[in-house]
Each structure stands twice: as C-alpha cells, then as structure tokens.
Amino acid sequence: MRTSWADSVSNSAAEIAISDKNSLRRPTRSTYVPPHLRSGSISDLSGPVSGTNGGSRWTGSDGGGTKPELRRQGQGNSYATAGRDAAAGGGGGGGRNNRSGGWDRREREVNPFGNDDKIDDIKQNFSEQENSGINFDAYEDIPVEVSGENVPPPVNTFAEIDLGEILNQNIRRCKYVKPTPIQRHAIPIALAGKDLMACAQTGSGKTAAFCFPIISGIMREPYAQRSHVGRTVYPLGLILSPTRELSCQIHDEAKKFSYQTGVKVVVAYGGAPINQQLRELERGVDILVATPGRLVDLLERARVSLQAVRYLALDEADRMLDMGFEPQIRKIVEQMNMPNRGVRQTMLFSATFPREIQRLASDFLSNHIFLAVGRVGSSTDLIVQRVEYVLESDKRSHLMDLLHAQRENGNHGKVIRDYLVSLTLQLALTLVFVETKKGADSLEHWLCMNGFPSTTIHGDRTQQERELALRSFKSGKTPILVATDVAARGLDIPHVAHVVNFDLPNDIDDYVHRIGRTGRAGKTGLATAFFNESNLSLARPLAELMQEASQEVPAWLTHYASRARYGGNKNRRSGGRFGGSDFRREESIGKNLDYYSGGNSGNAYGGLVDISGGYAPGVTSAWD
DNA sequence: AAAAAAC
C-alpha cells in the first residue's frame with residue numbers, strides 16, 4: 001500500500017513531542033529560516049525522516065507552540081510565508097494572503113521575468129507564436145498512451161488545475177495560455193501523488209509539467225519539514241539532469257514558476273566554484289536542481305541531506321539510467337538516506353524510454369503511471385529530416401555547401417520544403433553535432449577560418465567557455481555551434497533552424513534527441529544527416545524512424561536498411577510512433593499476465609511487484 | 001569507442 005505524504009506526517013507526529021523537548025537555538029550563522037520557523041513553533045514540524053540526529057536537531061528560531069495563524073501575525077521577518085500561506089489556503093487561492101508587514105522575501109526576490117519586456121520586443125520580430133512559446137495549432141490530434149492504475153483524467157485548461165493564485169499568476173507571467181498535452185496529462189497525475197514515467201519531446205513543456213506539481217506540493221505543506229541542521233540543508237524536492245547546462249536551464253525555469261511562492265530553488269553543478277553554491281544552499285533550499293557528480297560531492301560533505309526529499313524528478317531519465325550514470329543515480333537514490341519509493345514521489349521524464357531502461361527505472365518507482373505523448377504535430381511533421389550520403393573525406397566541403405546555400409538564401413537557415421518556405425526567420429541558428437571533442441574543436445576552427453563565425457561546446461571546455469559558447473550562439477553572434485552530445489538533450493535554444501548530424505550517433509534515441517533541438521515548441525525546423533558506411537548500424541532504425549515521421553527515405557538508405565542484419569531490439573524504438581510504450585504492457589503479453597485487470601489485492605501487478613514502497617535488498621524485480 | 005558527470 002502506498003504511504004501518502006499526509007500519512008507520513010501524521011505517523012511521525014510522535015516526533016513532535018521530541019522536538020518540543022529539544023533545546024532550541026538561534027542559528028549562529030546567517031542561514032535560511034523557512035517560513036514556518038520564522039516566528040513561531042517548531043513543534044509542527046514533522047516528517048518521514050526519523051530523527052537520526054537526535055538531540056538538538058532544530059536550529060530554527062523561537063520555540064513556543066504558537067498556532068500557525070498566530071505566527072503569521074508575528075514578526076515581520078516572514079521570509080516567504082506569504083506564498084505558502086496562500087497556497088495552504090488551497091484552491092481558493094490567496095484568501096489568506098493579505099498579511100505580513102516588514103520585509104518580505106517577495107521584495108528581495110529578483111524578478112525572473114525582469115527582462116521579458118525587452119525580449120518580447122525582439123521576439124515580436126520573429127513570430128506571433130513566440131509569446132506563448134508554443135504553437136498550439138500543432139497540438140491537435142496528439143496521440144497519447146496512458147497505462148497504470150486509477151489514472152486521473154487530463155485537464156484542458158490551467159484553471160481546472162488547483163494550483164492556487166500565486167502559481168496561476170506565474171503561469172500568466174510565463175504567457176502560458178493553455179497547458180500542452182504533456183502538461184494536461186502529467187500535472188493531474190503528479191498532483192494526485194502518483195509516480196510517473198513520462199515520454200514527451202523536450203520543448204513541449206516538460207519542465208513545467210514536473211515543476212508545477214512539486215512547487216504546489218511544497219506550498220501545501222507549509223510546516224512539513226525542517227530545512228537545515230547546522231550546515232546541512234534538507235531539500236524537499238530534487239531534480240536531476242545529465243548536463244550542467246540543462247540543470248541551469250531547469251533552474252531558470254523553476255525560478256519563474258516559483259516566483260513569490262516562497263519555495264526556494266537552488267542549482268548545483270560541477271565546473272563552477274562550489275563556494276558560491278554552498279552559500280546559496282545555506283540561505284535555504286526547498287528544491288535542489290543538480291547534476292549527479294556535484295550532488296554526490298555535496299552529500300559527502302554533508303552539506304545536503306536527502307532525508308526530507310518528498311519529490312524526485314529525473315529529467316532525461318533514460319540518459320540518467322544508462323551505463324554511464326546508473327551507479328551514481330543508484331547511489332543518490334538508494335544509498336543516501338532518501339525516503340523509499342512509495343514514500344517519496346518519483347517522476348521520470350524523457351523523450352525516449354528504451355525498454356531495458358524502463359525495467360531499470362522500475363526500481364525507483366512505486367506503482368507508476370506510464371504516459372507517452374506524441375511529438376508535437378504528431379510525429380515529426382515539424383522537423384524536415386534529410387539524410388545524405390557523404391564520405392568521411394567530403395563532410396567538410398559538404399557542410400560548407402549547405403552553409404553557403406543557407407547564406408545565399410538571404411536568411412541563414414531558411415527551411416526547404418514548399419509548405420515551410422513561408423516561414424521567414426531573421427535569425428536562424430545552425431547546430432552541428434560531431435562525434436568527438438577533438439572533432440568539435442577542429443571543425444569549429446576550420447569553419448571560422450572559412451568565414452563562418454562558429455563556436456563549440458563539449459566536455460573538454462571549461463564551464464565558463466561552455467556557457468560563453470551557448471550565449472554567443474543564442475545571441476546570434478556565432479550562429480553556428482559545433483557540439484558533442486553534451487548539447488543533444490533538453491537544451492532549449494530558440495531559433496535553431498537547422499541541426500546537422502555531421503557525425504551520426506550510434507543510437508537512434510540520441511538522433512531523436514539531437515534533432516529535437518530544432519522544431520521546438522511547435523515551430524518548424526530542418527535536420528540534415530551525413531550518412532556513410534560507418535553508420536551502417538543506424539541504417540535500419542533511421543529508415544524506420546523517418547518512415548514513421550513521413551519523411552522521404554532515400555532509396556539507398558532503404559537498401560542499407562534491408563541489408564542490415566537484424567540486431568535484436570537494441571536499436572529498435574519500443575512501441576512505434578512516439579517515444580515508447582509501457583514495458584509492463586509489452587512484457588505482460590509474453591508472460592500471460594493481465595497487468596490491467598486491477599485485481600482484488602488492489603495490486604495491478606498480480607503480486608509480482610513489491611509496491612509497498614520498501615526497497616528490500618536482495619529482492620529482485622519480478623522482471624529479472 | 002565516445003560522451004557526460006566532482007575535486
């Protein structure tokens with residue numbers, strides 16, 4: 001049986017007595033004091049975390065058992081009380097928000113929407129769609145697959161979602177008019193406290209889909225958790241992503257969503273001085289966005305504890321669980337005191353979800369709902385995919401031809417197909433993917449020498465160089481970016497009109513992520529791939545993918561594809577037209593199990609799966 | 001084999 005958060009809180013009510021007895025001290029450092037600790041009791045604090053620290057665990061402010069209502073009237077240093085109280089007021093929204101004098105965090109919080117006016121001026125030049133960020137016309141008839149128990153129905157408007165007035169205001173500030181398909185389905189599931197595995201193209205509003213429920217959930221638990229003990233902080237939400245830039249991007253978005261809610265979002269990643277991040281953490285954190293390496297560092301330094309984590313989100317989850325990352329993720333999720341699955345809420349998001357990764361991921365999930373939302377515009381209508389046969393030795397000159405052609409078109413990156421020609425981009429960017437870091441440097445150098453202002457991003461560059469490169473590309477100063485796979489996933493770079501797979505990846509899923517850097521948010525884009533004999537293993541899956549996306553498949557590629565030895569499922573995308581499908585469903589067929597019949601045990605898994613939430617070492621998954 | 005991710 002799933003343990004709800006509310007249950008956890010009440011179950012640990014016994015701890016209240018303990019904390020009451022503790023001698024309480026004011027923090028000796030200038031540390032974050034969460035709203036519920038500011039001027040009142042710590043005795044409301046409780047949580048799923050047992051008191052391993054014993055003793056004086058709480059370093060909040062004054063003791064005393066003041067009722068929440070009284071506390072709100074209390075001292076002026078109410079940090080962030082406004083937002084949370086309003087949220088605690090629930091769907092009525094804001095009814096209890098007319099409070100608090102003195103300084104308030106809202107007055108100090110940098111307005112993350114601050115520059116948008118200027119940006120909007122610029123954006124006016126691009127397209128009208130830009131304001132909402134999303135071309136909603138492209139969202140008609142999106143295929144959706146959902147499976148699992150008790151799936152909450154999707155919503156059609158943000159108004160139907162009970163997020164509260166402050167979040168609604170942020171939605172308006174973001175200029176979101178109505179929820180995207182992934183948001184329509186995922187947000188109700190997440191708000192219902194269900195674990196979720198979601199397949200959706202990045203750029204379709206994925207970040208908001210997991211951020212809003214997390215922020216909303218934290219706002220509704222205003223007295224839920226301690227926030228720090230000594231120098232250790234206890235985030236309630238943890239969002240992991242595979243690259244530093246993606247973590248930054250999620251952080252930037254989350255700050256907008258959480259503006260004036262009192263929910264504090266902090267980012268931590270490698271390659272940047274840790275001291276600044278530590279200081280930021282000391283000032284308090286509710287949601288931590290991080291890359292795995294730096295997080296492990298912080299955990300080992302005991303500057304962060306995962307004991308209080310209520311919400312865990314993995315972005316680009318299939319990448320996070322592949323060979324390179326899995327041990328680190330397991331360490332973080334299973335060996336660092338994080339509450340068990342079933343106690344915390346776990347949400348996995350990616351555009352692709354290979355079956356074997358789904359199987360792995362089920363270790364982290366409790367009776368999850370599987371959700372797959374088709375690509376914007378149903379499959380890849382918005383991305384024109386071309387594949388060209390180019391010998392290794394001809395690649396540079398061929399790329400040069402493409403770039404010259406774009407330049408002569410008067411607008412770098414004009415799209416090719418007739419029905420797209422009307423689209424005029426004044427600023428169009430070209431993203432060139434290569435296989436190796438060295439290859440990236442050398443191609444960038446060569447392009448620059450030949451009169452094409454370029455820059456490059458890859459793991460051998462310093463973080464400073466990486467961020468500079470990204471800015472320079474986004475601004476159009478260097479409209480060509482040569483990148484390794486570090487830039488393949490999740491990065492939201494507006495106005496990328498053309499993705500060139502100078503070197504094709506070995507995995508079709510990587511190809512999907514790479515071309516997903518264009519054609520974002522309902523806009524159109526072009527993807528060109530250079531194919532030769534060294535890409536034979538990709539011939540078949542590439543041909544299949546292009547076919548599914550109604551792209552022209554050259555005869556020579558079909559030929560290679562038909563000759564390709566069928567190499568099992570490794571390179572096959574599970575489940576047809578979009579993203580993937582629920583591996584439980586597929587595997588149930590072979591095992592003659594009906595996973596979807598419910599069952600009187602209240603367990604749709606026929607007793608095969610431990611959904612009690614406990615992680616029992618030695619107990620293997622039913623699918624192993 | 002390569003890429004990413006901590007110092």
Side-chain angles (χ1 to χ4, degrees), chain A residues 202 238-251 266-278 280-281 288-304 306 314-333 335-336 350-352 354 357 392 431-444 456-467 469-470 481-491 501-514 517 532-538 567 570-571:
Chain A
T202 34
L238 178 63
I239 300 171
L240 294 175
S241 90
T243 66
R244 299 162 181 175
E245 286 77 14
L246 187 51
S247 278
C248 282
Q249 180 181 301
I250 294 166
H251 175 242
V266 176
V267 67
Y269 54 88
I274 201 169
N275 281 333
Q276 196 180 334
Q277 292 172 11
L278 288 174
E280 201 54 42
L281 285 169
L288 179 59
V289 184
T291 47
R294 178 54 62 90
L295 176 61
V296 167
D297 190 3
L298 292 168
L299 291 168
E300 282 169 355
R301 293 174 190 231
R303 298 300 294 262
V304 171
L306 301 179
L314 303 191
D315 202 4
E316 308 299 340
D318 60 333
R319 177 79 185 81
M320 302 298 281
L321 293 171
D322 78 8
M323 285 206 319
F325 271 115
E326 193 214 335
Q328 266 181 309
I329 300 300
R330 267 194 199 282
K331 178 172 183 176
I332 290 166
V333 177
Q335 291 159 31
M336 301 303 293
S350 182
T352 52
I357 300 288
E392 211 58 43
L431 181 50
V432 182
F433 281 104
V434 297
E435 188 70 17
T436 66
K437 295 178 279 197
K438 278 190 169 175
D441 278 337
S442 105
L443 181 59
E444 180 242 15
T456 181
I457 186 168
H458 60 69
D460 272 356
R461 305 200 80 192
T462 67
Q463 191 54 26
Q464 221 174 11
E465 289 171 328
R466 284 165 59 160
E467 282 166 24
L470 207 50
L481 178 64
V482 183
T484 60
D485 267 331
V486 69
R489 284 169 173 265
L491 288 189
N501 273 294
F502 189 89
D503 301 320
L504 274 164
N506 294 318
D507 187 327
I508 191 66
D509 282 346
D510 290 335
Y511 173 85
V512 170
H513 284 275
R514 285 179 177 188
R517 296 317 97 209
N532 61 40
E533 301 272 347
S534 61
N535 309 114
L536 289 181
S537 70
L538 204 65
K570 184 83 172 55
N571 266 341

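Labels below follow one simple rule: chain letters A, B, ... track the order of the sequence lines, proteins then strands, and each chain is numbered from 1.
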Can you tell me if A/Arg244 uses its side chain to pair, donor with acceptor, with the backbone of A/Gly270 under 3.5 Å?
yes

Please report, rounded to the nearest Å, how far the C1' atom of B/dA4 is from the CZ atom of A/Phe433.
14 Å

Ignoring hydrogens and angles, answer whether the base of B/dA5 and the side-chain atoms of A/Arg244 contain a donor-acceptor pair closer than 3.5 Å.
no

What is the separation between atom CZ on A/Arg301 and atom C1' on B/dA6, rounded to the nearest whole Å?
9 Å

Does a distance-only test, which skips hydrogens and angles, find a donor-acceptor pair under 3.5 Å between the side chain of A/Asn506 and the base of B/dA2?
no

Starting at atom CG of A/Asn535, determine the distance to atom P of B/dA1, rounded to an integer number of angstrom.
17 Å

Does a side-chain N or O from A/Arg466 land closer than 4.0 Å to OP1 or OP2 of B/dA4, or not?
no

Does a side-chain N-to-carboxylate-O contact under 4.0 Å join A/Lys438 and A/Asp460?
no

To the nearest angstrom, how far is A/Lys437 atom NZ from B/dA3 atom P?
5 Å

Any side-chain heavy-atom pair from A/Thr456 and A/Val434 closer than 4.5 angstrom?
no

Quickly work out the A/Asp510 CG to B/dA2 C1' distance and round it to whole Å.
11 Å

Quick one: is B/dA1 close enough that its OP1 or OP2 comes under 4.0 Å of any side-chain N or O from A/Thr436?
no

Should A/Thr291 be listed as having a side-chain N or O under 4.0 Å from OP1 or OP2 of B/dA6?
yes

Here the distance between atom P of B/dA4 and atom CD1 of A/Ile332, to the nearest Å, is 19 Å

At under 4.0 Å, does any side-chain N or O of A/Lys438 touch on OP1 or OP2 of B/dA2?
no

Evaluation steps, side-chain hydrogen bond (donor to acceptor under 3.5 Å, both in side chains), between A/Glu467 and A/Gln463
CA-CA 6 Å; A/Glu467 282 166 24; A/Gln463 191 54 26; 2.9 Å; yes

What's the CG-C1' distance between A/Leu504 and B/dA1, to the nearest Å?
16 Å

Looking at every strand, decide which applies to A/Asp297 at a 4.0 Å heavy-atom threshold: base, sugar-phosphate, or nothing.
base

Using a heavy-atom cut-off of 4.0 Å across all strands, would you classify A/Val486 as base, sugar-phosphate, or nothing?
sugar-phosphate

Side chain of A/Glu435 only, heavy atoms from C-beta on: which candidate in B/dA5, B/dA6, B/dA1 is closest?
B/dA1

Atom pair CG (A/Leu240) and CD (A/Gln328), whose distance is rounded to the nearest 0.5 Å:
10.0 Å

Would you kindly give the OH-to-P distance between A/Tyr511 and B/dA3, to the nearest whole Å?
21 Å

Could you tell me whether A/Gly324 contacts a base, only the sugar-phosphate backbone, or nothing, with contacts defined as non-hydrogen atoms closer than 4.0 Å?
base

